[in-house]
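All of these numbers come straight from a predicted model, not from anything done at the bench. We number each residue from 1, following the sequence as shown. Remember, it's 1-based here, ligands and their atoms both numbered in the order they're listed.
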Amino acid sequence: MAAERVEIVEVGPRDGLQNEAVPLPPEARVELIARLVAAGARRIEAVSFVNPARVPQMAGAEEVMAGVERGAGVSYIGLVLNRRGLDRALAAGVDEVNVALPATDGFCVRNQGRTVAEMLDAFDGIAAAAAEAGMPVSATVSTAFGCPFDGETAPERVVEVARRAAAAGAVEVALADTIGVGVPRQVADLVPRVRAVVGGARLRCHFHNTRNTGYANALAALDQGVRVLDASVGGFGGCPFAPGATGNIATEDLVYALERSGAATGVDLAATAATGTWLGERLGTPPTALLGRAGGFPAP
Ligand code: MG
């Protein structure tokens, strides 16, 4: 029996770097992306088109997109939060855009200067303009498992934001544990409820390992039939507008768990782990990923 395919969306160049004290210049981010492509990544959140005054780590998105290799079957995703971001993404030639749609007002106002209701209205316009340009749009429902400002997130809010996103034309809807507070029971509760309202949109999950539940959550999502997972090489990451948020689940550690569980990712474990180690050296911070130190099993 062929192994079941699980798609990893590599978010290291965006979520992985946006909170680092040492900003990586565009040419280093291009090199990071090239290493990830060589290691098998085929969907990469490469850039974000946000205000560089607010997130200096993401400055130079256009230069990054101008530098990445095209035509290798890789889909490059740009994060956008408004129409201006979409226009920049279209001009820069990304393959997809992803829009963050927080489920909670406390985070939405601080992260993107709008309430949830205002952001959903804005998303309608972004999705319509993207559709006109032939650009696929996905939506990431942030703070779906808890909010650093508002506390617990009511599942009904998550379901409603996901429903609105799909109705506006999102081809993929992600549930994101932005600050790493979720547990597998929440995943098992939320995924079927969200699936019931998003029609034909794909489901994706985005976990942070802030409280060591990220990998358990990813495997719980797999159990619920989710076949697209975000991960960040080395386990780098965080959010400048979410105090205490730490890294995403690490690509290499997730790939190890998935492949030993019978899934196929197409991602080379050793090459990804080596990239995590390389990135740690560039950033002056060791990766939180463990596979770079421990290696795979059985030893190749
Ligand atoms: Mg994140």
Novice: Side chains of Asp177 and His208: donor-acceptor distance under 3.5 Å anywhere?
Specialist: no
Novice: Any N/O/S atom, side chain or main chain, of Asp230 closer to the Mg ion (ligand 1) than 2.8 Å?
Specialist: no
Novice: Identify, by name, the N, O or S atom of Asp15 lying closest to the Mg ion (ligand 1).
Specialist: OD2
Novice: Quick one: are the ring centres of Phe145 and Phe207 less than 6.0 Å apart?
Specialist: yes
Novice: Are Glu252 and Thr272 linked by a side-chain donor-acceptor pair shorter than 3.5 Å?
Specialist: no
Novice: For residues Thr265 and Glu259, is any side-chain donor paired with an opposing acceptor at under 3.5 Å?
Specialist: yes
Novice: May I have the angle between His206 NE2 and His208 NE2 with its vertex at the Mg ion (ligand 1), rounded to 10°?
Specialist: 90°
